Number of protein chains: 2
Amino acid sequence: MSDPSFAPRPTLEAVAARAGVSRATASRVVNGSEGVRAPLVERVRQAVDELGYVPNQAARTLVTRRNDAIAVVVAEPETRFFTDPFFAQQVRGISKELTARDNQLVLLLTEGTADYERVGRYLAGGHVDGALIFSLHTDDSLPTLARRAGVPTVIGGRPGWTDSDSDHGTLYVDCDNRGGARDAVRHLLSIGRRTIAHIAGPLDQTASVDRLDGFRDVLPETDPALIAEGDFTPEGGASAMAELLRRRPDLDAVFAASDVMASGALRVLRTSGRRVPEDVAVVGFDDMVSVAEWTDPPLTTIRQDIEEMGRLMARLLLRAVAPSAGPQSVPALSSIVTPTQLVVRASA
Amino acid sequence: MSDPSFAPRPTLEAVAARAGVSRATASRVVNGSEGVRAPLVERVRQAVDELGYVPNQAARTLVTRRNDAIAVVVAEPETRFFTDPFFAQQVRGISKELTARDNQLVLLLTEGTADYERVGRYLAGGHVDGALIFSLHTDDSLPTLARRAGVPTVIGGRPGWTDSDSDHGTLYVDCDNRGGARDAVRHLLSIGRRTIAHIAGPLDQTASVDRLDGFRDVLPETDPALIAEGDFTPEGGASAMAELLRRRPDLDAVFAASDVMASGALRVLRTSGRRVPEDVAVVGFDDMVSVAEWTDPPLTTIRQDIEEMGRLMARLLLRAVAPSAGPQSVPALSSIVTPTQLVVRASA
DNA sequence: CTGAAAGCGCTAACAA
DNA sequence: TTGTTAGCGCTTTCAG
């Protein structure tokens with residue numbers, strides 16, 4: 001394994017020699033340049049095949065200054081990356097888009113801010129052409145860090161900075177959290193519920209805030225006792241539900257800011273003898289199929305197309321990296337907010 | 001974002017000039033080489049700081065032939081990578097170990113064998129120093145591909161090839177699936193169960209086969225009707241359970257080859273009016289906390305330390321990549337099988 | 001249309 | 001101990 005007959009990889013030089021052309025011509029063929037006579041192209045191609053030539057990326061990067069690689073930075077002090085299918089799905093979308101455009105995906109996981117320096121160094125080191133950043137908490141310094149490193153960046157989720165801030169032109173992709181939340185609450189109203197509670201996510205994340213805002217858009221007068229903060233885990237959803245039940249035993253509906261929290265809430269509801277949806281209707285958020293379809297009862301929820309969001313992030317970044325797109329107009333890249341959709345199952 | 005004042009990164013040359021030394025000396029300081037006089041070291045350090053110098057990795061790789069990057073290849077035609085916390089946890093372990101040793105993690109996701117050619121090219125292109133491969137199905141060609149590319153490789157999980165095959169010296173890390181399965185079944189026996197069923201995983205994966213073998217080690221005479229094949233999803237676990245109930249309504253225990261399948265089984269059991277563990281005792285496998293602790297009732301299961309396995313994989317690979325380890329003895333790297341442990345909760 | 005030649009930024013002999 | 005000198009493999013002007 002360690003010493004596989006040590007055959008040095010063939011170089012462009014070797015290919016050129018074998019094809020009887022200069023290195024320059026060989027290079028042109030390999031890179032699909034125009035203006036090489038057909039017979040030569042053929043000879044070079046053949047040499048490449050026979051030798052099993054694969055270009056050395058380091059050498060290429062050194063001169064072109066392009067890596068064809070982008071970093072995915074996940075800032076997650078907690079273990080969330082690993083319990084939540086959310087990231088995984090997003091990464092999948094990113095991976096698909098990236099490989100379709102012949103780019104590699106370098107994954108940078110951080111375990112707390114101690115790792116930030118390392119990430120900063122890496123980004124500044126020019127290893128990648130751009131970065132996709134997932135930093136969930138509003139005070140996160142990662143985006144700033146990337147900007148300083150001079151690396152084009154797209155953020156997953158709306159950044160927490162206020163618009164007056166230095167976020168000038170920072171690109172992001174997010175779903176319509178606020179609109180989705182409104183739809184959820186309206187659905188609950190439409191099936192006759194009147195005492196609607198909300199289990200929010202951690203309020204230092206914009207997604208949580210936006211969903212809470214959507215809730216309040218529809219129910220501006222809601223009793224504060226009907227709002228509890230969870231942490232996007234089943235446990236958090238469960239204890240928030242318990243708290244709500246204690247404060248307002250008369251509630252007849254709950255809108256949870258995530259399916260995962262909704263599943264915890266469902267458990268507590270069952271334990272406390274409430275029937276779902278008869279006594280208490282429940283709506284989640286995400287449409288995380290592996291969760292929503294398998295709760296008991298299956299969850300009515302707000303769908304966001306997570307994989308698509310990942311794809312969009314990658315596409316946006318790639319465009320930012322290589323400004324040469326259309327004919328000549330510069331379409332001025334902008335952030336993207338994707339639509340959500342109510343999915344009705346049994347819980348509401 | 002696209003054009004950030006275009007400040008060209010400083011080169012080693014610039015650092016050397018500023019410190020009034022040669023490029024070679026600057027290089028030595030940057031790479032922590034011994035034998036540079038203290039005052040010079042200091043001057044170079046200062047120049048590095050003032051200029052914000054970061055070494056260009058491409059240039060470095062070109063000459064050292066090291067990338068300080070390893071690829072994690074996940075061969076998963078199905079969507080399993082994204083529904084199963086298993087990989088995620090393993091990736092986390094890998095990431096930790098890698099960053100601790102200043103290596104980067106390049107993630108290569110494949111969506112079916114069409115992508116294999118791309119992966120092969122990438123590996124052969126010398127972008128990475130080694131590869132960690134997760135290929136679940138016994139007929140998978142990825143490991144072969146990596147070997148042909150001449151890239152040191154460690155496989156996650158025991159490969160499916162028989163030993164007579166070309167697997168000579170292929171390294172892998174796996175947990176003691178067979179032993180763990182034996183423990184599960186023995187536990188069931190110890191609490192008085194006599195009609196024990198097994199929900200196996202897909203039998204084209206060695207983990208599934210090994211667990212089934214462990215089951216049979218303890219219960220060699222088991223009625224074949226007591227064994228059903230699932231697919232490591234909750235749905236698969238559910239339908240396997242339904243099938244088992246149909247075939248042997250008298251069963252009083254089930255050992256499922258994964259917690260996720262066990263959760264599906266639990267649902268069916270509840271639906272069919274069986275109490276757990278009173279009527280039917282259930283044991284899972286994995287100790288996927290996010291699953292096992294949150295089923296109703298919480299799952300008794302066999303724990304494997306997934307994150308640790310990831311870490312071990314990375315460590316093993318890194319050692320294979322850089323054979324210069326201890327004094328001079330070559331400890332002959334070998335595969336690793338980690339122990340499992342019975343975790344008793346409420347379901348059995 | 002093709003080839004010659006000049007580096008990209010860095011490390012590693014080899015000299016001094 | 002430090003500096004000088006070759007390249008690593010490739011792309012890209014610039015001539016021819």
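Computed from a predicted model, the values in this text were never measured in an experiment. Every chain is numbered from 1, with letters handed out A, B, ... down the list of sequences.
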message: Between Asn103(B) and Thr99(B) (side chain of the first, backbone of the second, donor and acceptor by atom type, cut-off under 3.5 Å), is there such a pair?
response: no

task: Looking only at side-chain atoms of Leu62(B), point me to the closest of dC8(D), dT2(D), dT2(C).
output: dC8(D)

Looking at [X], does any N or O in its side chain come under 4.0 Å of the phosphate oxygens OP1/OP2 on [N]?
| X | N | value |
| --- | --- | --- |
| Thr11(A) | dG9(D) | no |
| Arg60(B) | dT11(C) | yes |
| Asn56(A) | dC8(D) | no |
| Thr25(B) | dG3(D) | yes |

message: For dT11(C), does the base pair up with any side-chain atom of Arg23(B) as donor and acceptor (N or O, under 3.5 Å, distance only)?
response: yes

query: Do the side chain of Arg28(A) and the base of dG3(C) come within less than 3.5 angstrom through a donor-acceptor pair of N or O atoms?
result: yes

Passing candidate, salt bridge (charged side-chain N to carboxylate O under 4.0 Å, His left out) with Glu97(A), options Arg92(A), Arg319(A), Arg315(A): Arg315(A)

task: For Arg45(A), look at atom CZ and say whether over 12 heavy atoms of other residues, nucleotides or ligands are found less than 6.0 Å away.
output: no

- request: Would you classify Arg65(A) as touching base, sugar-phosphate or nothing, given that sugar-phosphate means primed atoms plus P, OP1 and OP2, and contacts are heavy atoms under 4.0 Å?
  value: sugar-phosphate

task: Have a look at Val21(B) and say if it touches a base, only the backbone sugar-phosphate, or nothing, with a 4.0 Å heavy-atom cut-off.
output: sugar-phosphate

